[in-house]
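What follows is a set of notes on a single structure, which appears directly below.
FYI, side chains are in, hydrogens and waters are out, and symmetry mates aren't considered; it's all heavy atoms of this structure. Throughout, a chain's letter reflects where its sequence line sits, starting with A, and its residues are numbered from 1.
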Amino acid sequence: MKMSALNFTITHRLNGTLARAGVIETPHGTIETPAFIVGGTKATVKAMTPGQVSDIGGQAVLANTYHLMLQPGADIIRRAGGLGAFMHWPEPTFTDSGGYQVFSLGMAYKKGIDATSHSQKGESSLATHNKSQLAKVSDEGVAFRSHLDGSQLFMTPESSMELQHAIGGDIHMAFDELTSPLAGRAYVKEAMDRTHTWAERCLARHQALNNEHTDNGEPLQALYGVVQGGREEDFRRESARFLGARDFDGYGIGGVFEPEEIASVVAWINETLPEDKPRHLLGMGAQPADLFLGVEYGIDTFDCVAPTRQARNGALYTYDGRINIRNQQYGQDFTPVSAECDCYTCLNFSRAYLNHLFKADEMLGATLASIHNERFVVRTVDAIRISIIDGTFAAYKAAFLCRYYGSDKAERFIL
RNA sequence: GCAGGGAUAGUGAAGCGGUCAAACACGACAGACUGUAAAUCUGUUGGCUUAUGCCUUCGGGGGUUCGAAUCCCUCUCCCUGCA
């Protein structure tokens, strides 16, 4: 008998687009899609309690294998009863494979070697770190140096799967290699081929581990293959075809960096992938355009750390665009961050109060700001889901983006 | 009263004859952040400005010098000992 780790049902489609609404069922509950998955890298959504994550409408959390294997160690999490039990999050969980860290620890992107750093002025500590390269890729796997203590590590597709199964999230990502936007076509191809080989190795190890779970009477865990291929249409379609032909429970789309790429890259992939499997856009969702375009071109779930990171740094989302709450002008502004927002922060606190918390460096500022930004993004995706169901997506998208960006700038995201 | 020490940009604090509009830190003012090496990072921060440009600054005043935040005299205020 075939048991599946995950069920995905598409309930609505939007004519003339790749958009759909549906439900993902996991052993820890369901996710109504499209959905924004909250970033919980180190088994915590920074500055928020699980109760607060639940209150803002978060349906699932995504944690990171690399970070958790270093600290506290996958075995600790396994012994705690798995990721959800460990962090007191009873709802669905995802883990990322550590593949992103291959990229961010191993190559410089936007920090060290790109065109913007010609000035040589104040070099950030991150840029300095990038020069020292904490990761090296080979066909067998990736040699890492821990960013915490410098110790030598080696991660392979198999070890990533073993770690992810020990951590015990509901949905895992295959171990992949994403390439810098600066990489040439030849390297993009090489990395994609390696990602494909790794994906097959991940699948094999994953299925063996799931067999063990079955023997032990434990719930099955799901695995998404991760599509790569840079900005090259033929590679992206090839990657979607290759992975789509294999028995993954769903697909992650990796290596997308700019909102402008979403429409094209995601469309190539989602036209090619099997329709009946969920698709997760890895790491994108910092701004409304990402969300609208992603959904329009067939994305079911997103994750992004920007809402919480930007919140911690004082950038708050409003329907009229982003504001920096530290700015002087908010010091005497006793209105909420967004009058139309229904989050705990907006219902109870003023911009002036948040401005004070940030200037005084009080931790509550980070919490209230994170609650607001996460609610803003989750609610936006929820509203998008409703607009698919009732067929008003196009009008909703146009109105939302025009107001957020201004009609001039919004144009590039519409049509 | 005597003997020492000190007063530097919003604050603290370097500098002790030229390379000083003056390090550094904090503060202030802006910006960035997309599978979190991020409660982080970047820029600006005397005035005028396009400026490798000019102007006004280092407690007040007066000197020495080609040249002073830096040396001398004096005044004001502060600190530390001894009376």
- Message: Under 4.0 Å, counting only non-hydrogen atoms across every strand here, what does A/Gly365 touch: a base, just sugar-phosphate, or nothing?
- Response: nothing
- Query: Is A/Arg309 near enough to B/rA39 that one of its side-chain N or O atoms lies under 4.0 angstrom from OP1 or OP2?
  - Reply: no
- Task: Using a cut-off of strictly less than 4.0 Å, decide whether A/Arg312 has a side-chain nitrogen or oxygen near OP1 or OP2 of B/rC33.
- Result: no
- Nearest-Å distance, OH (A/Tyr100) to P (B/rC33)? 13 Å
- Item | More than 12 heavy atoms of other groups within 6.0 Å of A/Glu233 CD | yes
- Item | For B/rU40, the Watson-Crick or wobble partner whose two distances fall under 3.5 Å | B/rA32
- Which part of the nucleic acid, if any, lies within reach of A/Gln228 when heavy atoms closer than 4.0 Å are counted: base, sugar-phosphate only, or nothing? base
- Answer yes or no on whether A/Arg279 is positioned over the face of A/Phe8, meaning its NZ or CZ is under 6.0 Å from the six-membered ring centre and within 45° of the axis. no
- Task: Kindly indicate whether the side chain of A/Glu258 and the base of B/rU34 share any N or O donor-acceptor pair separated by less than 3.5 Å?
- Result: no
- Task: Would you classify A/Ala286 as touching base, sugar-phosphate or nothing, given that sugar-phosphate means primed atoms plus P, OP1 and OP2, and contacts are heavy atoms under 4.0 Å?
- Result: base
- Query: What interatomic distance, in whole Å, is found between P of B/rC73 and the corresponding atom of B/rG5?
  - Reply: 12 Å
- Message: At less than 4.0 Å, is any side-chain N or O atom of A/Gln101 found next to OP1 or OP2 of B/rU36? Yes or no.
- Response: yes
- Whole angstrom value for the distance that separates C1' of B/rA37 from CG of A/Leu70: 10 Å
- Please determine, for the side chain of A/Leu105, which listed nucleotide (B/rA38, B/rA37, B/rA32) has the closest atom? B/rA37
- Hey, does A/Ala47 reach any base, or is it just sugar-phosphate, or nothing, if we go heavy atoms under 4.0 Å? nothing
- Ring centres under 6.0 angstrom apart (A/Phe292, A/Phe413): no
- Item | P-based separation of B/rU56 from B/rA69 [nearest Å] | 13 Å
- Message: Expressed as a whole number of angstroms, how long is the span from A/Gln164:CD to B/rG35:P?
- Response: 16 Å
- Task: Measure from CG on A/Asn373 to P on B/rU34 and round the result to the nearest Å.
- Result: 14 Å
- Query: Which part of the nucleic acid, if any, lies within contact of A/His67, taking any heavy atom under 4.0 Å across all strands shown: a base, the sugar-phosphate backbone alone, or nothing?
  - Reply: sugar-phosphate
- Task: Flag the pair A/Phe376 / A/Tyr319 as yes when their ring centroid distance falls below 6.0 Å, and as no otherwise.
- Result: yes
- Between A/Tyr330 (OH) and B/rG31 (C1'), how many Å, whole number? 13 Å
- Query: When you match A/Asp176 and A/Arg322 each to their closest nucleotide on RNA chain B, which lands nearer the 5' end?
  - Reply: A/Arg322
Under 3.5 Å, N/O pairs linking protein and nucleotides 26-30 of chain B:
| unit_1 | atom_1 | unit_2 | atom_2 | d |
| --- | --- | --- | --- | --- |
| B/rC29 | OP1 | A/Lys359 | NZ | 3.0 |
| B/rC29 | OP2 | A/Lys359 | NZ | 2.5 |
| B/rA30 | OP2 | A/Gln328 | N | 3.4 |

- Expressed in whole Å, how much space separates the C1' atoms belonging to B/rC55 and B/rA38? 43 Å
- Query: To the side chain of A/His147, which of B/rA38, B/rU34, B/rG35 is closest?
  - Reply: B/rA38
- With no angle test and no hydrogens, is the base of B/rU36 tied to the side chain of A/Ser104 by a donor-acceptor pair under 3.5 Å? no
- Establish, yes or no, whether a centroid distance under 6.0 Å links the rings of A/Phe257 and A/Phe103. yes
- Item | Nucleotide B/rU40, atom C1' - distance to CD of A/Gln310 in whole Å | 12 Å
- Query: With rounding to whole Å, what would you report as the distance between B/rG4 and B/rC72 at their P atoms?
  - Reply: 14 Å
- Message: Taking pairing as Watson-Crick or G-U wobble with both contacts under 3.5 Å, can you name the mate of B/rA25, or confirm there isn't one?
- Response: B/rU11
- Message: Side chains of A/His280 and A/Asp303 only: does a donor on one sit below 3.5 Å from an acceptor on the other?
- Response: yes
- Task: Could you let me know what B/rA68 is paired to, Watson-Crick or G-U wobble, both distances under 3.5 Å, or none if it's on its own?
- Result: none
- Item | Whole-Å gap separating P (B/rU40) and NZ (A/Lys46) | 12 Å
- Query: Without hydrogens or angle criteria, can the side chains of A/His356 and A/Tyr330 be said to hold a donor-acceptor pair below 3.5 Å?
  - Reply: no
- When all nucleic acid strands are considered with a 4.0 Å heavy-atom cut-off, which category describes A/Leu281: base, sugar-phosphate, or nothing? nothing
- Query: Is there a Watson-Crick or G-U wobble partner for B/rG17 with both distances under 3.5 Å, and which nucleotide is it?
  - Reply: none
- Taking atom P in both B/rA68 and B/rG60, what distance in whole Å separates the two? 15 Å
- Message: Could you check, using the six-membered ring where one of them is a Trp, whether A/Tyr100 and A/Tyr66 have ring centers closer than 6.0 angstrom?
- Response: no
- Task: Using a strict cut-off of less than 4.0 Å between a Lys/Arg side-chain nitrogen and an Asp/Glu carboxylate oxygen, indicate whether A/Arg194 and A/Glu140 qualify as a salt bridge.
- Result: no
- Can you tell me how far C1' in B/rC79 sits from the matching atom in B/rG46, rounded to whole Å? 29 Å
- Query: Would you say the side-chain atoms of A/Thr195 and A/Gln228 include a donor-acceptor pair closer than 3.5 Å?
  - Reply: no
- Query: If you take atom types as modelled and just measure distance, does the side chain of A/Asp290 reach the base of B/rU34 with a donor-acceptor pair under 3.5 Å?
  - Reply: yes
- Query: Under 4.0 angstrom, heavy atoms only, what part of the nucleic acid is A/Ser146 near: base, sugar-phosphate, or nothing?
  - Reply: nothing
- Task: By nearest nucleotide on RNA chain B, pick out whichever of A/Pro259 and A/Asp361 is the more 5' one.
- Result: A/Pro259
- Query: With respect to the phosphate group of B/rG35, does any side-chain polar atom (N or O) of A/Lys42 fall under 4.0 Å of OP1 or OP2?
  - Reply: no
- Message: Assess, by modelled atom type and distance only, whether the side chains of A/Tyr405 and A/Gln287 contain a donor and an acceptor separated by less than 3.5 Å.
- Response: yes
- Note on the structure: As its Watson-Crick or G-U partner within any shown strand, both distances under 3.5 Å, B/rU56 has none
- Message: Without decimals, in angstroms, what is the distance between A/Met363 CE and B/rA38 P?
- Response: 19 Å
- Any A/Asn64 side-chain N or O less than 4.0 Å from OP1/OP2 of B/rU36: yes
- Item | B/rU70 to B/rU57 separation - P atoms, rounded to the nearest Å | 13 Å
- Query: When all nucleic acid strands are considered with a 4.0 Å heavy-atom cut-off, which category describes A/Asn313: base, sugar-phosphate, or nothing?
  - Reply: base
- Query: For B/rG4, which nucleotide is its Watson-Crick or G-U wobble mate, given both distances must be under 3.5 Å?
  - Reply: B/rC79
- Given the C1' atoms of B/rG62 and B/rG53, what is the spacing between them in whole Å? 32 Å
- Base partner of B/rA51, which must satisfy Watson-Crick or wobble distances under 3.5 Å: none
